[in-house]
Amino acid sequence: MAPDPLTLPAIHASHIGIWIADMHGHVQRVGRGEAVAAVAATPHLLLNATLTGDRLGYPELSGLDLLELFAFLYPARFAVPTPAGIASAVGLNSPKGEEDIAAFLPRATAAMLASLDDPGWHEREGAWHGVQALARQRWPWASLVQPRLSQPDANERWLFARLPEWEEQPPRGAPRQVAIDEADVAARLDRLTGDGAERRPGQQDYARAAAAIFAPRERKDAPQMLVAEAGTGIGKTLGYLAPAKQWIDRSAGSVCISTFTKALQRQLSRETERLYPDPATHREKVVVRKGRENYLCLLNLEDALQGGFSGRAAILAQLVARWAAYTRDGDMIGGDLPGWLPALFRRNGTTALTDRRGECIYAGCPHFRKCFIEHSARAATQADIVIANHALTMVQAARPRDGGAPATRLIFDEGHHLWDAADSMFAAALTGQEAVEIRRWVLGPEGKSRGRRRGLAARLADVASYDEAGDRAIQAAIAAAAELPGDGWLGRLSENEPWGAIERLLVAVRAMVYARGIDTRTADTGYGLETELADPDPELVTAAASASDAIEALLRPLMALGKRLEALIEDPPDWLDGQARARVDGARHSLGTRIDTLGGWLSLLGRVGGPADPDFVDWLAVDRYDGREFDCGLHRHWLDPARPIAEIVYRPAQGVLVTSATLRGDGRSGGGWTDADIRTGARHMDGGVQHFAVPSPFDYARQSEVLVVTDIARGDLPTLAGAYSRLIEAAGGGALGLFSAIRRLRIVHSRIADRLARAGLPLFAQHVDPLDTGTLVDIFRADPHASLLGTDALRDGVDVPGDSLRLVVMEGVPWPRPTILHAARRAAQGGTTYDDMVIRARIGQAFGRLIRRADDFGQFVMLSPSFPSRLLGAFPEGTPIRRLPLDEAVNHVAAANVERRKTAFPAFSPS
Ligand code: SF4
């Protein structure tokens with residue numbers, strides 16, 4: 001007999017208090033000590049054990065977490081992980097106040113468990129087997145779920161039998177060369193925006209301009225290219241989707257749309273439903289693609305389920321297995337796996353479930369035909385529209401055979417991020433961590449590491465047994481990889497007892513960095529030390545020569561192996577059936593990536609003691625966090641990372657659109673295109689690039705206000721915290737606080753969170769609350785009284801239209817970090833002009849969070865005593881800007897809040 005959930009005790013802890021509901025439903029406010037004693041003695045119902053444990057100061061807290069039950073019952077369904085969010089997901093009224101939450105939890109539990117008796121429960125299949133496995137892991141909910149589930153009659157299909165298999169498809173043909181008609185594009189856009197809908201100003205013009213990239217190309221290496229700025233609110237997504245779909249229908253071609261943030265990928269996926277209203281067609285025609293490290297690896301999951309994971313991680317694996325049976329595409333990061341689920345397990349195990357280290361064994365894997373990554377790669381080759389991110393789009397342009405869709409038309413939305421995406425994509429780093437990764441990729445896990453061995457030999461066992469030269473290459477690679485840094489390398493470095501040529505190189509790097517390094521201390525990244533790669537010490541020059549030999553010793557057999565694999569594909573032996581061919585092909589591509597990396601290392605090492613290459617910035621660094629070293633090595637970045645974008649990504653395409661709301665960076669002067677052409681790489685396209693701009697339809701003079709607060713001194717943390725608190729209170733929440741340093745964010749949060757909570761204004765923060773950024777934004781969006789503090793990732797990954805976001809507060813001017821790389825780019829591109837371009841773009845993106853709809857009103861507060869006037873161009877034309885002391889700024893914000901409430905509640909009369 002299962003216990004009645006209504007008789008279970010429950011606990012709720014927040015910044016303002018702790019409440020316990022007893023088995024009779026009586027709620028009592030308790031102290032921390034009493035609460036900890038109670039939960040240690042009896043498992044309580046609770047919502048989010050990690051967060052509750054943080055609030056109680058009791059990280060070991062365990063109990064019956066409603067979020068785990070939700071994940072089991074409704075895998076792949078969305079819910080905001082708060083009492084209100086769960087109430088809405090299960091159809092209950094939200095608890096009215098904090099003091100009602102403990103009593104709400106048993107009711108929510110009863111409502112959820114009632115699904116088990118509901119014949120219409122959609123996720124029944126697999127539940128019985130799942131809960132048996134969870135019971136063996138002592139999942140606290142098992143005793144409540146098991147008695148309510150009867151054993152299925154027929155032999156229920158287990159996850160790996162249930163998942164669909166992909167089919168090999170012929171490659172998609174080249175698109176027909178067609179011209180699309182402007183009138184057709186306009187009519188298509190009208191249909192997409194809805195009959196009778198008011199035409200958005202500028203959207204039709206934008207769609208017509210975007211249509212130009214679909215015209216046939218006139219010259220080789222010269223795509224039809226448009227750089228287009230569309231102010232917020234134009235509706236640029238449908239503006240480019242209309243000509244894209246018109247062209248797809250006429251040419252039978254495919255289009256790749258690339259974004260920077262996962263938020264926009266999700267939004268695009270939703271918007272394309274208008275192009276393909278039938279869900280099955282939409283699934284087939286529109287594919288969202290991400291890097292392989294985002295997806296669940298079924299082989300890793302199987303390892304985890306079969307004993308690879310223990311304790312809490314094993315429970316997570318079972319819940320992930322439930323989700324895997326219902327997910328749309330197996331995307332664990334930003335897909336339909338609840339972002340809060342890994343956080344409940346303190347991220348214990350999630351990374352081991354994806355294919356982070358490229359250890360895939362391809363067709364040697366028993367799940368190859370069901371693999372989510374393979375599904376997505378194959379689906380993309382058949383899709384009309386592939387929604388990828390900038391990094392993946394660049395990887396596929398650089399290595400076109402890596403499962404890429406044959407898109408000849410590329411649309412880069414969030415084009416202002418191309419520079420940053422290319423900066424990491426085309427960089428080289430010969431560091432200890434990177435070398436360990438390559439060693440693992442060749443040798444597989446060593447020592448006590450868990451998991452099956454999936455080194456090169458295991459991945460290519462059949463090649464080795466068939467092909468003597470291939471076998472020799474694999475053995476030579478294994479011998480050479482053993483010279484790379486392995487476990488314990490950081491300790492050996494600090495004790496000056498290096499092992500192997502690369503570790504000796506790292507010792508020399510470290511010594512030179514400590515001797516000459518400048519402190520790039522910022523709390524964004526912890527702090528590190530770095531120094532230019534100029535006039536190297538003789539020890540470093542000698543060590544670099546030996547390291548080059550060691551790397552060449554690995555590179556040679558890997559290249560020989562690559563040739564053998566190519567020969568196998570070109571002249572296939574009998575045993576090379578479709579599956580084996582897929583494995584060889586997969587191995588060849590991942591081999592290509594490593595060969596590129598090693599080649600990059602060699603040219604970087606060749607630079608030590610040699611002449612500098614003016615196209616690159618090279619430096620040495622020791623990376624540290626909280627004073628502890630975690631990596632060390634040599635780095636190389638392009639001085640202008642937009643150059644390889646132009647060479648590798650744009651030139652081979654037939655049509656390219658780069659678009660964003662903030663490309664020109666100077667919203668006041670209308671701005672020329674110089675900044676945009678630099679940041680997007682358009683200036684490297686030998687002319688022929690068209691430009692188009694359409695201003696935002698929003699009335700910024702009426703809808704927004706910028707308040708530059710002049711009396712908060714930089715570095716005065718108590719005053720900074722006080723300013724945040726007063727502004728958030730004046731606004732009644734709905735504030736997004738942006739910081740350039742995690743340390744300051746944490747201090748401000750710790751000073752003001754309790755006080756705001758007492759005023760009924762919950763405050764959440766990145767790097768403080770144990771929740772992923774996407775979930776924090778979901779919580780913020782769902783509660784107009786909530787506020788959120790965060791760093792860079794929030795500056796433009798947040799799309800919160802309406803009342804939930806009405807105030808953005810920036811702690812100061814987001815000056816770029818004074819790194820060696822920054823100094824080099826600054827020197828190359830005009831000193832402060834370059835800085836200003838970067839900062840205006842950052843401020844413009846932050847401001848852009850504020851007004852998403854014509855009926856939004858928002859205030860932007862910059863806490864800066866000496867905000868340079870030349871940066872005011874970051875704000876759109878017409879935006880009122882006031883410099884004033886904090887007291888007055890608070891009054892402005894409070895007055896706007898009163899106005900807002902009068903509009904929202906006409907009967908409201910402020911006292
Ligand atoms: S094919 Fe590779 S990524 Fe896919 S499940 Fe198998 S090992 Fe994992």
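Nothing here was measured: the structure is a model prediction, and the numbers come from that model. Numbering of ligands and ligand atoms starts at 1, following listing order.
- Using a cutoff of 4.0 Å between basic side-chain nitrogens and carboxylate oxygens, R77 and E123 are scored as salt-bridged.
- Summary of contacts: the protein heavy atom closest to atom 5 (S) of ligand 1 is L298 N, 3.3 Å.
- Short contacts between ligand 1 and F368, defined as distances under 4.0 Å to a heavy atom of the residue, involve ligand atoms 1 (S).
- Looking at E437 and R440, a side-chain N of the basic residue comes within less than 4.0 Å of a carboxylate O on the acidic one, giving a salt bridge.
- Between K290 and D329, no side-chain nitrogen of the basic residue sits less than 4.0 Å from a carboxylate oxygen of the acidic one, so the salt-bridge criterion is not met.
- For F368 and W166, the distance between ring centers is under 6.0 angstrom.
- In this structure, atom 2 (Fe) of ligand 1 lies nearest to the protein heavy atom C360 SG, 2.3 Å.
- Numbered from 1 in the order shown, with element, the atoms of ligand 1 that lie under 4.0 Å from a heavy atom of L299 read 5 (S), 7 (S).
- Each of the following atoms of ligand 1 lies closer than 4.0 Å to a heavy atom of C371: 1 (S), 3 (S), 4 (Fe), 5 (S).
- Distances below 4.0 Å separate heavy atoms of I373 from the following atoms of ligand 1: 3 (S).
- Atom 6 (Fe) of ligand 1 lies under 2.8 Å from an N, O or S atom belonging to C365.
- Residue contacts to atom 8 (Fe) of ligand 1: H367 brings no N, O or S atom closer than 2.8 Å.
- Atom 4 (Fe) of ligand 1 does not have C297 among its coordinating residues (no N/O/S atom, backbone or side chain, under 2.8 Å).
- Using a 4.0 Å cut-off between a side-chain N of Lys or Arg and a carboxylate O of Asp or Glu, E271 and R266 do not qualify as a salt bridge.
- Residue-environment remark: CZ (R138) stays at or below the threshold of 12 foreign heavy atoms within 6.0 Å.
- Ion pair R328/D336 not flagged as a salt bridge, since none of the NZ, NE, NH1 or NH2 atoms sits closer than 4.0 Å to an Asp/Glu carboxylate oxygen.
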